[in-house]
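Residue numbering restarts at 1 for every chain, and letters A, B, ... go by the order of the sequence lines.
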Amino acid sequence: MARLPAFNVAVVSTVLLIVWTDFVCCNNGRRVGDNLETEFSGFSVPLEHSFEVDDVARFRVRGSLVLKAGREPSVSLSQNQLSEEDRTKLKEVAAVDGLYRIRVPRVFLQADRQTERQMEGYLTAFVRACAMVESHLSDVISLHTDVSGYLIGVSIVTFPGACRGTEVEDEVDLEVFNTTLSIMAPVNAPGPETALFLERMEQESEKKGKNPQEQKSFFAKYWYLILGGAIFLMVSNSAQPPAGGGREQS
Amino acid sequence: MAKLILLWLKCVIFWATIEAVFEDQVGKFDWRQQYVGKVRFSHFDTHVQSSKKVLVATERNVFAALNTRTGELFWRHVDKSGSEGNIDALLQHGQDAVLMVGNGRLLRSWEISVGGLNWEVVLDSGSFQSACLVGQQDMVKHVAVLKKTAISVHYLSNGHQKWIENLPETETVDYQAVYSDGNGEVYVLGVVPHSHIAIVVYSLEDGEIIKQMSVEAPWLSNIQASCVVVGQGMLTCVDSAAMSFYMLDLRLQLQMTQVPLQAYSVNLFSAETGRRLLDTTLIDFYSVFQLYVQAFLKKDDSVGYRAMVQTEDHTLTFIQQPGRVMWTREEALSDVVTMEMVDLPLTGTQAELEGEFGKKADGLMSMVMKRLSSQLILLQAWIAHLWKLFYDARKPRSQVKNDITIENLSRDEFNLQKMMVMVTASGKLFGIDSKTGGILWRHYLDNVPPNAAFKLMVQRTTAHFPHPPQCTLLIKDKDTGLATLHVFNPIFGKKSHVTPPALPQPVLQSLMLPLMDQDYAKVLLLIDDHYKVSAFPSTKNVLQQLQEMAASIFFYLVDSSQGRLSGYRLRTDLSTEQIWEVVIPPEVQRIVSVKGKRPNEHVHSQGRVMGDRSVLYKYLNPNLLAVVTESTDLHQERSFIGILLIDGVTGRIIHEAVQRKARGPVHVVHSENWVVYEYWSTKSRRNEFSVIELYEGMELYNSTVFSSLDRPHAPQVLQQSYIFPSSISTMEATLTEKGITSRHLLIGLPSGGILSLPKMFLDPRRPEIVSEQSREENLIPYAPELLIRTEWFINYNQTVSRVRGIYTAPSGLESTCLVVAYGLDIYQTRVYPSKQFDVLKDDYDYMLISSVLFALFFATMISKRLAEVKLLNRAWR
């Protein structure tokens with residue numbers, strides 16, 4: 001059981017990776033078009049997964065995603081059960097702390113024709129195989145699109161996400177995927193809220209206008225205090241005798 | 001109620017603002033150095049004998065006057081950057097300097113004593129070739145401007161055009177120079193490469209051609225590059241292939257005379273006779289780029305000279321007879337690319353004590369001896385220090401100078417003084433003392449490709465005595481991707497004896513790991529284009545550590561041309577495997593920047609206390625990347641800016657947002673749990689700021705450790721935008737030792753100001769409507785506009801021209817952050833985002849507090865005595 005201690009993971013998180021924007025030779029996969037079936041107002045693409053003890057990716061079909069384009073794109077997933085063989089393999093991979101990877105082909109949702117939808121290459125993501133096992137195959141997959149409807153990324157997390165080393169005895173737990181699926185388009189970032197602010201300012205000035213007490217000037221409000229102070233000063237001044245007046249002349 | 005809010009608002013604002021510097025603090029913690037850049041043209045101001053000016057026009061579009069005695073600037077004018085402000089020619093006559101700007105677009109005349117503009121005229125467009133002053137009977141009244149196809153003459157007094165003429169035979173002859181000898185004729189020199197020189201003489205009065213002639217010159221291809229007219233119409237050309245120069249009297253001769261040259265020395269030849277007047281061999285210089293010589297007759301009729309030499313490393317050296325260097329200016333510093341601040345080493349005595357602990361114990365007796373000797377050294381140092389104090393006290397205060405040299409460099413109490421290691425585009429490295437701005441070392445790398453990208457990394461700090469600190473500079477050719485490493489000691493600038501590995505393959509990515517080898521040098525990983533990883537240093541120890549850690553070392557690569565972001569994991573055999581991939585179609589948007597967090601950043605507080613005393617926890621993912629994209633469609637209705645927050649380990653897209661109707665350039669700062677970016681709103685035609693903050697929520701998923709692999713919940717994302725009244729040049733966040741001090745954003749404005757904007761104003765939780773809870777939390781009510789307060793400028797009147805970058809570094813004091821702004825100028829200062837809460841003020845009244853203490857002490861003594869006496873008296877009674 002070569003399980004990663006939590007400490008190591010912590011170290012990873014402190015590793016900051018600094019980019020050097022650069023050219024990367026692309027390793028394009030082959031085009032998938034064989035196992036596609038067009039449906040009414042939607043189309044399906046394969047969702048593939050790979051988990052190998054030697055960590056060399058060999059993707060097999062896990063299910064198929066049915067994507068519906070439109071203003072509000074939606075997605076549904078139909079997937080097979082994990083076979084007996086796969087279950088043991090997944091547990092083996094989890095034992096050596098291997099990865100469970102998924103991939104989907106790059107697609108363009110808003111295209112009208114099937115041929116335009118498919119693009120070269122795949123989007124890949126991974127999760128630790130042990131997390132997959134310990135969560136009893138309950139994963140959350142989200143697909144991200146960009147503004148114009150290109151699929152740009154896929155992500156997978158399991159829930160719970162930790163690897164605690166708990167043994168999954170029951171084979172049944174590893175049979176059916178319990179997948180929560182979502183497709184996300186970018187949110188519109190807000191601009192400066194000028195309208196609301198102006199409205200508020202107006203309301204405030206209106207409130208001021210209604211309340212005459214607020215409008216009074218400083219002197220109007222505190223005239224009695226100022227007057228009192230002035231009188232006090234005058235009185236105290238006049239009460240003092242003209243000190244040193246006699247000496248001044250000498 | 002509203003009034004109360006206003007009052008409270010005022011309180012908050014006054015409380016939150018940092019104070020501007022006081023008048024007596026000016027220049028105490030900050031310094032500025034102004035540069036001009038690499039010199040293109042230069043003229044000595046000779047019209048007054050006592051003048052100390054030398055005029056320079058530079059490749060950074062700067063026109064300035066330097067003091068010939070000290071090398072300081074008299075005045076400086078910074079024009080537009082790029083080709084628009086490009087200075088094509090500089091002419092000087094008496095008090096006037098005529099400047100041709102923007103490829104012959106603008107003709108300007110400057111008054112050189114104070115640097116004021118006399119006049120400016122806009123010329124017809126056309127490729128500019130040359131310009132010269134035109135005289136008549138010893139009176140210079142005109143300036144001639146030669147363009148590709150035409151020549152025009154302008155009045156020197158007001159810039160108005162006198163006449164303009166088209167040039168003959170422009171298809172075959174390449175006209176490159178214009179000359180006037182002061183008797184009403186204008187000579188235009190053209191060349192037919194490798195054949196002959198064509199000379200056209202115009203009359204100054206009406207622009208008529210007086211005569212045309214041609215002179216054989218088969219070795220000549222370019223007049224501007226190899227010829228100059230000296231004296232009375234003497235055309236002098238250099239033939240570098242034949243190591244000789246040619247002379248031609250434009251008025252008389254039709255043949256050129258040849259004079260052989262000596263190599264590698266500065267020789268002064270008489271233009272009339274070809275006799276060598278004097279020569280000085282230059283040693284200790286890198287190859288000379290340009291040389292400006294002013295020769296003059298001294299009182300005793302001997303020839304004196306002054307020379308300004310521009311060398312390959314962009315150093316400007318001023319030499320006066322007899323070969324004495326008056327001053328040097330490091331103009332390479334006008335183009336700083338990247339920098340780091342390194343702690344200074346401990347003093348010799350401190351190091352001596354430290355060394356004692358560093359060594360292995362070898363016997364009781366020797367340890368005692370060692371301790372005694374180090375104590376003796378300490379005592380010696382202390383006595384020397386006392387003696388120096390005593391010695392200095394007798395001298396007048398102005399004479400006491402604390403010159404910092406490389407020998408007496410040492411860390412101060414609060415680590416406020418550091419070594420600034422600056423890398424310049426010319427490939428020259430500098431070590432600058434951050435307290436005074438003095439250059440302590442310089443090192444020229446002469447094999448740097450012209451389009452190199454630099455990355456400077458600190459592999460070992462000064463904390464590991466006796467191992468010397470170590471910096472590594474990665475120099476990468478942008479075209480080929482091939483890289484070299486330069487390893488050096490950041491304190492002394494010396495090249496390290498450690499030999500860096502040869503890198504035969506193009507390097508894609510480099511990363512510093514927190515792992516250290518047995519000599520405390522951090523491990524640098526370099527990934528080549530075959531996705532193979534090499535480590536530096538690559539000792540056995542390091543490789544072993546890497547093998548153990550391999551499964552938890554992840555890195556990412558960005559290919560902006562294909563919009564591809566991909567993540568890799570290290571394998572134990574130092575190969576890599578791809579684990580995630582995100583592709584942003586480059587047809588729609590292109591990646592303009594990817595920003596991670598700074599590795600030395602500390603966040604003190606895990607969360608924010610809300611108004612109702614609950615805690616909102618921050619999402620502090622150290623692996624988070626902020627990816628900014630710009631749309632390829634630049635139409636103002638359809639252009640947008642995309643912000644993606646991606647986890648660098650798992651490739652998970654944490655947040656994806658688009659700012660519609662917006663355009664770059666985008667400036668991004670990514671720190672703690674927030675991202676701030678600035679963009680141009682095409683819809684409202686203004687600059688806007690936007691801030692994104694990420695929170696985990698009311699409870700923390702795993703409070704002990706953060707792992708990207710185990711954080712299933714997506715964070716809450718809050719965002720708010722503001723209007724900013726100015727465009728910005730660059731942006732950075734302050735950084736302090738422990739992260740307790742509140743953060744400020746340092747914004748370099750094109751006006752040359754550096755604004756310290758409290759992060760408090762960029763807070764997406766600023767409420768629209770004030771409530772009891774938001775007031776409890778000290779949140780400022782939302783206002784759409786961010787105001788620029790003049791007291792927020794940290795550089796008061798010390799304008800920093802063309803600021804390109806701001807570097808921040810923590811100091812030993814939690815309240816203090818060191819700031820360096822660089823561009824054409826370099827400005828260093830300190831900022832105190834939460835004021836100086838851990839330092840006594842400068843004007844703290846030590847006298848008062850100590851006198852009060854003493855007074856109290858004596859009062860207690862006296863009263864005690866009195867009480868005793870009283871008790872004694874009572875007992876006697």
Engineer: May I ask you to decide if the ring planes of B:His713 and A:Phe159 are parallel, tilted or perpendicular, using 30° and 60° as cut-offs?
Structural biologist: perpendicular
Engineer: Once rounded to the nearest 0.5 Å, what's the spacing between atom CD of B:Glu768 and atom CZ of A:Arg200?
Structural biologist: 6.5 Å
Engineer: Does any heavy atom of chain A fall under 4.5 Å from the side chain of B:Ile641, the backbone, both, or neither of them?
Structural biologist: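 Answer is neither: B:Ile641 stays 4.5 Å or more from chain A.
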Engineer: Between B:Arg638 and chain A, which part of the residue has a heavy atom less than 4.5 Å away: side chain, backbone, both or neither?
Structural biologist: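 Contact with chain A: none, neither part.
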Engineer: In Å and rounded to the nearest 0.5 Å, what is the CZ to CZ distance from A:Phe126 to B:Arg652?
Structural biologist: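 Spacing of CZ (A:Phe126) from CZ (B:Arg652) equals 11.5 Å.
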Engineer: Identify which part of A:Ala162 has an atom lying under 4.5 Å from any heavy atom of chain B, answering side chain, backbone, both or neither.
Structural biologist: both
Engineer: Report which part of B:Ala783 has an atom under 4.5 Å of a heavy atom belonging to chain A: side chain, backbone, both, or neither.
Structural biologist: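 Both parts, heavy atoms under 4.5 Å.
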Engineer: Taking A:Val140, A:Asp146, A:Val127, A:Thr194 one by one, which has the highest count of heavy-atom pairs under 4.5 Å against chain B?
Structural biologist: A:Asp146
Engineer: Counting only heavy atoms closer than 4.5 Å, note whether A:Ile102 contacts chain B via side chain, backbone, both or neither.
Structural biologist: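 Looking at A:Ile102, nothing touches chain B.
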Engineer: With a 4.5 angstrom heavy-atom cut-off, could you sort out which part of B:Glu785 is near chain A: side chain, backbone, both or neither?
Structural biologist: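 Contact with chain A involves no heavy atom of B:Glu785 at all.
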Engineer: If you measure from NE2 on A:His144 to NE2 on B:His655, what distance do you get to the nearest 0.5 Å?
Structural biologist: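 Rounded to the nearest 0.5 Å, the NE2-NE2 separation comes to 11.0 Å.
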Engineer: What option among A:Gly191, A:Ala189, A:Ser155 has the most heavy-atom pairs under 4.5 Å with chain B?
Structural biologist: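 Heavy-atom pairs under 4.5 Å are most numerous for A:Ala189.
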Engineer: Given that the side chain runs from C-beta out, which part of A:Thr145 has a heavy atom under 4.5 Å from chain B: side chain, backbone, both or neither?
Structural biologist: backbone
Engineer: Report the distance from atom CZ of A:Arg128 to atom OG1 of B:Thr650, rounding to the nearest 0.5 Å.
Structural biologist: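 That separation rounds to 12.5 Å.
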Engineer: Which bit of B:Val588 comes within less than 4.5 Å of chain A, counting heavy atoms only: side chain, backbone, both or neither?
Structural biologist: side chain
Engineer: If you count heavy-atom pairs within less than 4.5 Å of chain A, which of B:Pro712, B:Ala714, B:Ser593 leads?
Structural biologist: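 Top option by heavy-atom pairs under 4.5 Å: B:Pro712.
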Engineer: Which answer fits A:Ser142, side chain, backbone, both or neither, if we ask what part of it has an atom under 4.5 Å from a heavy atom of chain B?
Structural biologist: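 When you check distances to chain B, no heavy atom of A:Ser142 falls under 4.5 Å.
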Engineer: Can you say whether B:Phe724 sits under 4.5 Å from chain A via the side chain, the backbone, both, or neither, judging by heavy atoms?
Structural biologist: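 Interface part for B:Phe724: neither.
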Engineer: Taking the side chain as everything from C-beta on, heavy atoms only, tell me whether A:Ile152 gets closer than 4.5 Å to B:Ile653.
Structural biologist: yes
Engineer: CG/A:Leu123 to CG/B:Leu565 distance, rounded to the nearest 0.5 angstrom?
Structural biologist: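 Spacing of CG (A:Leu123) from CG (B:Leu565) equals 11.0 Å.
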Engineer: For chain B, which candidate among A:Ser148, A:Pro190, A:Gly153 shows the most heavy-atom pairs at distances under 4.5 Å?
Structural biologist: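 Top option by heavy-atom pairs under 4.5 Å: A:Pro190.
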Engineer: Which residue out of B:Ser690, B:Ala657, B:Gly563 racks up the most heavy-atom pairs below 4.5 Å with chain A?
Structural biologist: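 Among B:Ser690, B:Ala657, B:Gly563, the one with the most close pairs to chain A is B:Ala657.
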Engineer: Is B:Tyr782 close to chain A through its backbone or its side chain, or both, or neither, when contacts mean heavy atoms under 4.5 Å?
Structural biologist: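 For B:Tyr782, backbone and side chain are both near chain A.
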Engineer: Taking side chain as everything from C-beta outward and backbone as N, CA, C, O, which of these in A:Met201 sits under 4.5 Å from a heavy atom of chain B? Side chain, backbone, both or neither.
Structural biologist: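 The answer is neither part of A:Met201.
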Engineer: Based on non-hydrogen pairs under 4.5 Å, which of B:Thr704, B:Ile692, B:Ile723, B:Ile584 is most in contact with chain A?
Structural biologist: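 Most heavy-atom pairs within the cutoff with chain A belong to B:Ile723.
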Engineer: To check you understand the geometry: which heavy-atom pair defines the closest contact between A:Ala185 and B:Glu656, and what is its length?
Structural biologist: C-OE1, 4.4 Å
Engineer: What part of B:Phe689 gets within 4.5 angstrom of chain A, counting heavy atoms only: side chain, backbone, both, or neither?
Structural biologist: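 Contact with chain A is absent: no heavy atom of B:Phe689 under 4.5 Å.
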Engineer: Might you point out which heavy atoms bring B:Asp710 and A:Gly161 nearest each other, and give the distance in Å?
Structural biologist: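 What the structure gives for the nearest pair is OD1-C, 3.1 Å.
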Engineer: Given a strict heavy-atom distance threshold of 4.5 Å, which part of A:Val187 is in contact with chain B: side chain, backbone, both, or neither?
Structural biologist: both
Engineer: Indicate yes or no: at least one non-hydrogen side-chain atom of A:Leu99 is less than 4.5 angstrom from one of B:Ile579.
Structural biologist: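 Heavy-atom side-chain distance check passes, below 4.5 Å.
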Engineer: Begin from the C-alpha positions of B:Glu577 and A:Arg101 and carry the test salt bridge (Lys or Arg N to Asp or Glu O under 4.0 Å) through to its verdict.
Structural biologist: CA-CA 12 Å; B:Glu577 54 177 338; A:Arg101 304 156 189 256; 2.7 Å; yes
Engineer: What part of B:Gln659 gets within 4.5 angstrom of chain A, counting heavy atoms only: side chain, backbone, both, or neither?
Structural biologist: both
